[in-house]
Amino acid sequence: MAQFKSETQRVDFIKQEEEILERWDREGTFERSVERRTGCEQFVFVEGPPTANGLPHPGHVLTRVVKDLILRYKTMRGFYVRRKAGWDTHGLPVEIEVEKELGISTKGEIETYGIEEFNRKCKDSVFKYEKEWVNATKRVGFWLEMGDPYITFDKNYIESVWWSLKEVWKKGLLYKSHKVVPFCPRCETTLSSHEVAQGYQDVEDPSVYVKFKLKDEEELYLLAWTTTPWTLLGNIALAVHPRNTYVKVKAGANGENLILAEARLDALDDEYEILERFDGKSLENKEYEQLFEYAKVEGGEAHKVITAEFVTLDEGTGVVHIAPAFGEVDYEVCRDKNLGFSQPVNSKGHFTHEVPPLEGMFVKDADRQIIEILEQRGVLYKESKYLHSYPFCWRCGSPLLYYARESWFIAMKSLRDNLLANNEKINWYPSHLKHGRFGNFLEAIEDWALSRERFWGTPLNIWICSECGKDCCVGSIEELKRKAKNSVPDDLHRPYIDEVVLRCDVCGGDMIRVKDVIDCWYDSGSAPFAQWHYPFEVERFKRNFPADFITEAIDQTRGWFYSLLAVSTAIFDTAPYLNVLSLGHILDEKGVKMSKSKGNVVDMTTIFNNESADALRWYFFTVGPLSDDIRFSEQGIIEKQNKFLNTLWNSYFFFVTYAVIDEFNPKAKGIAVESRNAMDRWIISRLNTLTGEVIAAIECFEVHVAARKIEEFVINDLSNWYIRRSRRRFWVQEDNFDKDCAYLTLYEVLVSLCKLLAPFVPFLTEHIYQNLVRTEDEHESVHLCDYPYPDKSLIDADLEDSMELVSGLVEAGRRARSDAGIKIRQPLNDVAVVFSAEKHKKVASLSAMLKDELNVREVKLESTKAGFAAAGDYKEEEVDEDTTLFLNVGLDKELIEEGIVRDVVRRIQGMRKDIDLEYTAKINIMYEGDEAVKEAIDNFSDYICAETLAVDLKEGLPSHYSDNSIYYAKKWNINKNEVHLAIEAA
RNA sequence: GGGCCCGUAGCUUAGGCUGGUUGGAGCGCUCGGCUGAUAACCGAGAGGUCCGGAGUUCAAAUCUCCGCGGGCCCA
């Protein structure tokens, strides 16, 4: 009985993949692939947790596929590789989704709605698309432990995060400050820098030049410029550069005197006359009249000129309006110079009662009115429009305000050197990120604004005594219980945690929790330890830290890649990962980023249903370096399906087809490679060379290099050369040694190739493996196998070189035939190759192959052109600089007859195919035609019968032969001769 | 506005670090061939201002600088 199951040439890859998924589920293949390596060296991976409150994007699919490739590869290489799934669940994006659902939009509304119920909805919402995520993850073949994921809202996870923050606090790195932070007035919260970055848009803002009247001077004004007129209400100072030249000019219709930087004189519309020149320094401490008298100023002096290095002369007037409530540098410079502070705007971005004419107005909406007031007062010099980029809330779209808020910070700036030192321990792919984008970012690192005045997040674990002001950071649930005056809730989220009052260990007073939650980037940055509930459980963390490998897209450079390093540096002062692979983004066919708002996001389920997961994976792996952006093209995936997967399938199909016919059993034969023929030794050598190249490329994450090399091997070496060249060896009827060698070689190559490809295209390779290998004494899945390793003793570099030479000669020979107008089927007498003695030696052993490929009776290997160049029958074809090929294009009667016979055979083979005959079916042939053809058939009848499996070859036409036979007949024209051919199953 | 990356044929790309014959492939296109050889294969052909400009050099796709376009990050 045949050992292998027959296959069909056309397969439904989608159905096949679904069957494989069922098989993996049924047999627990994934779990077993991990367990099999228990006790082996670990390869530690950390899954960057996605949030499942939206559908997975093509980019997520790419990331998952790359993770899968590396982890499957490492597992096959003998490592113990855990892949715990994770979910990122906290944060403003989640709140925004719930707000939308509830039709509310402010913090006040949430409080009215009830924090308890609001947070419950948030908790539900983060798994809204869990099913789609799980399905996509499974369908694309990403083996991930999804049964017991880490979840950032989990009690244990929060406890670990609390522990870590207490570590930060104990080191004195956690501090409270007033800092100007980007603030969304609608969401009423500060935003992290990575959040701000997502929302820049080019907008047109008013550009206003305002005159500030100097005190004690007659009609002398400082001319300042701003694009945010509303901030003028918080003006505290005007800044000039100490060493730039400023001028006093007479300008304007009413001849007023203005002061501005000389380099900015072109800001003036009117003609002017320069009256004086002086350094900025000489303006220092000059007082000016307050522009708007409404807002109270607290904590220091105000309304005077200061000098500052940051003043530039690129735009404006060289006189910079300073409002510490609305600008980071403004805040800092005022603090440094002991100036006062004025905050006429509330947390919703509305002017307060301190500003009666504008009270209750949203600041951006007040610009118009402010400009009018300036105009009326005669202090508006001029006004126009200004196009610049301005940040908007990345979720709700409101313009952000820079706003001085109370906030908690981690002093990352003080850890700068540690961050840089730890970065040195990390291998970055691509390497330029290390000292480029990421390194530069670390060089200029700022403190981490950690707190969020929101609801759904890990509560900030800081309590402050309402009696004495002492603060306390709680590092565990046990500590919380110990210090609590009342009961501790099971759920650590707001609002329950807000109720917990601690006893102050200094004064015994009531300690109340700071109402903030923490930045969810801190949550995910804690994943390496929090997913294992460290330090409350120690062992698992110790085994899994630091990570050997993480990968996400390039946008995570300052996101998760940073938050991981930041948290780990603050707590352990070590790098949390050793290798990080940064992926490019997926763009649409036009090269534009895919985004929901543009409506150009490709739905991956259509790819899974139309092409296949393997085709998609192979496309991702071969299209280019992983770090490059990908212009996504469904056509590109279809091409991979047709070209690569089909070719692989057909190579396998070829083997199975004949192995079934011959009942070939690979176990029954053991033939040493060295005793096989050159073709066999060549493909085995190529395979081993390839294996080494693939491993080397994957090890440095050059996945596209590895995949492309495999693709070339499958298409060129295996299918188009080895199988094509060797196919006749499989067709021999009787058993013989050479046929065994061919079967064994092709079998070994296919099996090894399957393993080599298993991490790339896990479905098709599994299917092939199941048929070719799986028996009781073998592993039950290709994914339980060891990855192939090159056997150097099987690599024969000389042979590979020789084959390359031969293939060059074959190409040249075909060119010569093509030029001479002689088809390949026409046998020719000889070909002469003229080249060096060295090449001579290399090709000699393969000359039979050359003879066959070029369809000549003789191959002459020569060292001189003499005799061929001159002979009229020889067609000359240059191969390379020291090799020339001469093809004898002369034909005699016998060659012509042979050519005709070849044509006859080809026609008969075509007819067999037409009537769907089995490969092994015997036939009867009848023929009738012109004399030349009949004569040729007559002279080569044995050859024709052998080639076409004919048992009978008779002259005549079927109607005269037998009445009850069903012949298939066709008329042909061969070399201008007419011939009738008829065949029937014998 | 600043930083990093990318820009090679209609499309996908190799080469670039380390400058050196006519810049290679694949898809698509045209022509021819082959086909029990597979939605495949073989041969030939058309198709390139190597994004533009300047510089270094005997020599630049490659190195340098300045632009332009795209992406990401930061303001």
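In what follows, chains are A, B, ... by sequence order, proteins preceding strands, each numbered from 1.
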**Shortest non-hydrogen contact between A:Leu420 and A:Gly439, atoms and distance** =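 For A:Leu420 versus A:Gly439, the nearest heavy atoms are CD2-O, 4.1 Å.
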**Message:** Ring-plane angle category for A:Tyr658 and A:Trp731, please: parallel below 30°, perpendicular beyond 60°, tilted otherwise.
**Reply:** tilted
**Request:** Hey, can you tell me if A:Phe655 and A:Tyr743 have their rings parallel, tilted or perpendicular (30° and 60° cut-offs)?
**Result:**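 Answer is perpendicular, since the angle exceeds 60°.
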Complementary nucleotide of [N], counting Watson-Crick and G-U pairs under 3.5 Å:
N      : answer
B:rU62 : none
B:rG26 : B:rC11
B:rU57 : none
B:rC34 : none
B:rC4  : B:rG71
B:rU49 : none

Checking the side chain of [X] only, and the main-chain atoms of [Y] only, is there a donor and an acceptor separated by less than 3.5 Å?
X        : Y        : result
A:Glu711 : A:Phe644 : no
A:Asp447 : A:Met412 : yes
A:Trp560 : A:Ser524 : yes

**Message:** Is it the case that the base of B:rG43 and the side chain of A:Arg815 share a donor-acceptor contact (distance under 3.5 Å, atom types as modelled)?
**Reply:**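 It does not, because no donor-acceptor pair links the side chain of A:Arg815 to the base of B:rG43 below 3.5 Å.
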What interatomic distance, in whole Å, is found between [atom1] of [M] and the corresponding atom of [N]?
N      : M      : atom1 : result
B:rC6  : B:rC51 : C1'   : 11 Å
B:rC5  : B:rC63 : P     : 12 Å
B:rU12 : B:rG7  : C1'   : 14 Å
B:rG48 : B:rG15 : C1'   : 15 Å
B:rG55 : B:rG45 : C1'   : 39 Å
B:rU49 : B:rC27 : P     : 22 Å
B:rC65 : B:rU57 : C1'   : 16 Å
B:rU64 : B:rU56 : C1'   : 7 Å

**Residue closer to the 5' end of RNA chain B, A:Trp731 versus A:Gln556 (nearest nucleotide)** =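 Result: A:Trp731.
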**Complete:** Assert: residue with more 5' nearest nucleotide on RNA chain B, out of A:Asn650 and A:Leu587, is A:Asn650
**Prompt:** Choosing from B:rA39, B:rC42, B:rC72, which nucleotide comes nearest the side chain of A:His585?
**Reply:** B:rC72
Tell me the interatomic distance from [X], atom [atom1], to [N], atom [atom2], rounded to whole angstroms.
X        : N      : atom1 : atom2 : answer
A:Glu811 : B:rC41 : CD    : P     : 14 Å
A:Ile637 : B:rG26 : CD1   : P     : 22 Å
A:Phe441 : B:rA75 : CZ    : P     : 8 Å
A:Glu639 : B:rU13 : CD    : P     : 12 Å
A:Glu712 : B:rU13 : CD    : C1'   : 12 Å
A:Lys643 : B:rG28 : NZ    : C1'   : 13 Å
A:Asp852 : B:rC42 : CG    : P     : 17 Å
A:Phe621 : B:rU13 : CZ    : C1'   : 18 Å

**Prompt:** Could A:Arg708 and A:Glu702 be called an ion pair, given the rule that one side-chain N must be under 4.0 Å from one carboxylate O?
**Reply:**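 No, this pair does not count.
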Restricting to nitrogen or oxygen on both sides, can you table the protein-nucleotides 2-5 of chain B pairs closer than 3.5 Å?
unit_1: B:rG3; atom_1: O2'; unit_2: A:Asn440; atom_2: ND2; d: 3.4
unit_1: B:rG3; atom_1: N2; unit_2: A:Arg437; atom_2: NE; d: 3.4
unit_1: B:rG3; atom_1: N2; unit_2: A:Arg437; atom_2: NH2; d: 3.1
unit_1: B:rC4; atom_1: O2'; unit_2: A:His432; atom_2: ND1; d: 3.4
unit_1: B:rC4; atom_1: O2; unit_2: A:Arg437; atom_2: NH2; d: 3.0

So [X], base contact, sugar-phosphate only, or nothing? Heavy-atom distance under 4.0 Å.
X        : value
A:Ser633 : nothing
A:Gln635 : nothing
A:Arg814 : sugar-phosphate
A:Gln641 : nothing
A:Gln909 : base

Does [N] have OP1 or OP2 sitting under 4.0 Å from an N or O in the side chain of [X]?
X        : N      : result
A:Lys709 : B:rA14 : no
A:Arg10  : B:rA39 : yes
A:Arg631 : B:rU12 : yes

**Asked** For A:Arg725, what residues pass the side-chain contact (heavy atoms from CB on, under 4.5 Å) criterion, not counting sequence neighbours?
**Response**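 A:Arg725 satisfies side-chain contact (heavy atoms from CB on, under 4.5 Å) with A:Met679, A:Trp721, A:Met849, A:Asp852, A:Glu853 only.
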**Prompt:** Who passes salt bridge (charged side-chain N to carboxylate O under 4.0 Å, His left out) against A:Glu443, sequence neighbours left out?
**Reply:**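 A:Glu443 satisfies salt bridge (charged side-chain N to carboxylate O under 4.0 Å, His left out) with A:Arg416 once adjacent residues are dropped.
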**Prompt:** Do A:Asp330 and A:Tyr402 have side-chain atoms, one donor and one acceptor, less than 3.5 Å apart?
**Reply:** no
